[in-house]
Amino acid sequence: MKPLDRAYFARPTLQVARDLIGVLLVRERGGGRLIGRIVETEAYTGDDPAMHGWKATFGDDGVVRPEGRAADLFVAPATAYVYRIYYTNWLLNVVTEPEGTAGAVLIRALQPVEGIERMRAHRPDSIRRERDLTNGPGKLTQALGIDDATFHGTDLTGPPLYFAEDDMPKPEIAASSRIGLTRGVERPWRFFVPENPFVSPGVPSDVKQARKEAKRRGRS
DNA sequence: TATATGATTGCCT
DNA sequence: GGCAATCATATAG
């Protein structure tokens with residue numbers, strides 16, 4: 001299985017996010033491989049109020065200052081950017097664009113292809129349905145054994161963690177607003193496979209905000 | 001330096 | 001559908 005190379009990730013973030021749908025994510029550990037097909041991604045760019053540290057890094061004066069953790073978004077393409085949220089949930093991103101330009105693609109959901117029983121062993125015993133193993137950004141990192149300490153800043157163009165294409169035809173791709181955001185909601189930068197049960201159950205942020213607004217109006 | 005909050009999940013009713 | 005868990009980081013003061 002031939003890994004996608006650095007040039008693939010040096011392209012514009014939105015294009016990479018879309019192209020990664022249908023691609024395999026391969027995790028090699030002693031004894032075997034864990035493989036999932038990517039069915040959902042989100043794009044984050046430097047020109048994006050939803051980006052980590054956007055205000056401090058990109059400021060109001062147009063001067064870019066890569067500082068703190070956000071500096072890790074400017075590194076070489078195909079580098080892993082692992083972000084921890086709400087206690088022990090790790091989200092896997094792959095850095096895009098040429099070195100010196102900020103950009104990343106968040107891997108949000110996988111369809112298990114190989115090593116399903118070992119993925120299950122990494123997840124809580126209460127998980128019954130196969131789709132619940134990897135249908136969310138924090139779930140798939142748990143299933144594949146990906147964490148901040150092991151993978152943040154590592155290169156994703158080869159084992160133990162890399163992307164690869166097989167000869168399966170490209171699935172249909174749809175776009176929506178991203179999930180779980182309060183800023184940059186209007187950008188349709190989430191890509192997913194429609195009708196695929198392994199896509200995360202989250203509601204796009206623009207839909208969620210509209211619902212909230214309707215509810216608020218209803219009360220008053 | 002101090003506080004607020006999130007690119008979520010899992011378990012509860 | 002609600003809510004707690006629980007802390008690094010971003011942003012306010």
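Heavy atoms only: backbone and side chains are in, while hydrogens, waters and symmetry mates are out. Just so we're on the same page: letters track the sequence lines, and every chain starts at 1.
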Margin query: Which residue is it: A:T41, A:T13, A:L14? I am looking for the one with a side-chain contact (heavy atoms from CB on, under 4.5 Å) to A:W189.
Written below: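 That would be A:L14.
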Next item on the list: Please go through A:Y87's hydrophobic cluster and name the other residues, only I, L, V, M, F, W, Y counting, with side-chain heavy atoms under 4.5 Å joining them.
Entry: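 Answer for A:Y87: none, a lone residue.
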Margin query: Students often get this wrong, so: under 4.0 angstrom with heavy atoms, is A:S126 touching a base, only sugar-phosphate, or nothing?
Written below: sugar-phosphate
Margin query: Classify A:R190 by what it touches in the nucleic acid, base, sugar-phosphate, or nothing, heavy-atom distance under 4.0 Å.
Written below: nothing
Checklist line | Pairing residues for A:H52 by the ring-ring contact (aromatic ring centres under 6.0 Å, His included) criterion, not counting sequence neighbours | finding: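 For A:H52 the ring-ring contact (aromatic ring centres under 6.0 Å, His included) partners, ignoring immediate neighbours, are A:Y81, A:Y83.
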Checklist line | Exercise: do A:D48 and A:T45 side chains pair donor with acceptor under 3.5 Å | finding: no
Note to self: Let me spell it out: for each of A:L140 and A:T182, pick the nucleotide of DNA chain B with the closest heavy atom. Which residue's pick is nearer the 5' end?
What the structure shows: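 By nearest-heavy-atom nucleotide position, the 5'-most residue is A:T182.
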Next item on the list: Enumerate, in order of first residue number, the stems that involve DNA chain B, defined as 3 or more consecutive Watson-Crick or G-U wobble pairs with both distances under 3.5 Å.
Entry: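 For DNA chain B the paired stretches long enough to count as stems (3 pairs minimum) are B:1-6 with C:7-12, B:8-12 with C:1-5.
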Note to self: Treating primed atoms plus P, OP1 and OP2 as sugar-phosphate and everything else as base, which nucleotides of nucleotides 2-13 of chain C get B, S or - for protein heavy atoms under 4.0 Å?
What the structure shows: ----SSSS-SS-
Check: In whole angstroms, how far is the P atom of B:dA7 from the NE2 atom of A:H152?
Finding: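 It is 16 Å, rounded to the nearest whole Å.
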Note to self: What is the distance, to the nearest angstrom, from the CG atom on A:N135 to the C1' atom on B:dG10?
What the structure shows: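 Rounding to the nearest Å, CG of A:N135 and C1' of B:dG10 are 12 Å apart.
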Item checked: Atom of A:P160, atom of A:F151 and distance for their closest heavy-atom approach ->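 So the two residues come closest at CG-CE2, 4.0 Å.
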Item checked: Cation over ring face, A:R6 and A:F9, 6.0 Å, 45° ->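 Ring-cation test returns no.
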Pairs of donor and acceptor atoms involving the side chains of residues 193-205 of chain A, under 3.5 Å and at least two apart or interchain, shall be tabulated with distances.
{"unit_1": "A:N196", "atom_1": "OD1", "unit_2": "A:F198", "atom_2": "N", "d": "2.7"}
{"unit_1": "A:N196", "atom_1": "ND2", "unit_2": "A:Q111", "atom_2": "OE1", "d": "3.0"}
{"unit_1": "A:S200", "atom_1": "OG", "unit_2": "A:E40", "atom_2": "OE1", "d": "3.0"}
{"unit_1": "A:S200", "atom_1": "OG", "unit_2": "A:E40", "atom_2": "OE2", "d": "3.0"}
{"unit_1": "A:S200", "atom_1": "OG", "unit_2": "A:R108", "atom_2": "NH2", "d": "3.4"}
{"unit_1": "A:S205", "atom_1": "OG", "unit_2": "A:R178", "atom_2": "O", "d": "2.7"}
{"unit_1": "A:S205", "atom_1": "OG", "unit_2": "A:G180", "atom_2": "N", "d": "3.1"}
{"unit_1": "A:S205", "atom_1": "OG", "unit_2": "A:L181", "atom_2": "N", "d": "2.9"}

Contacts under 3.5 angstrom, residues 98-107 of chain A side chains, donor-acceptor by atom type, not counting sequence neighbours:
none

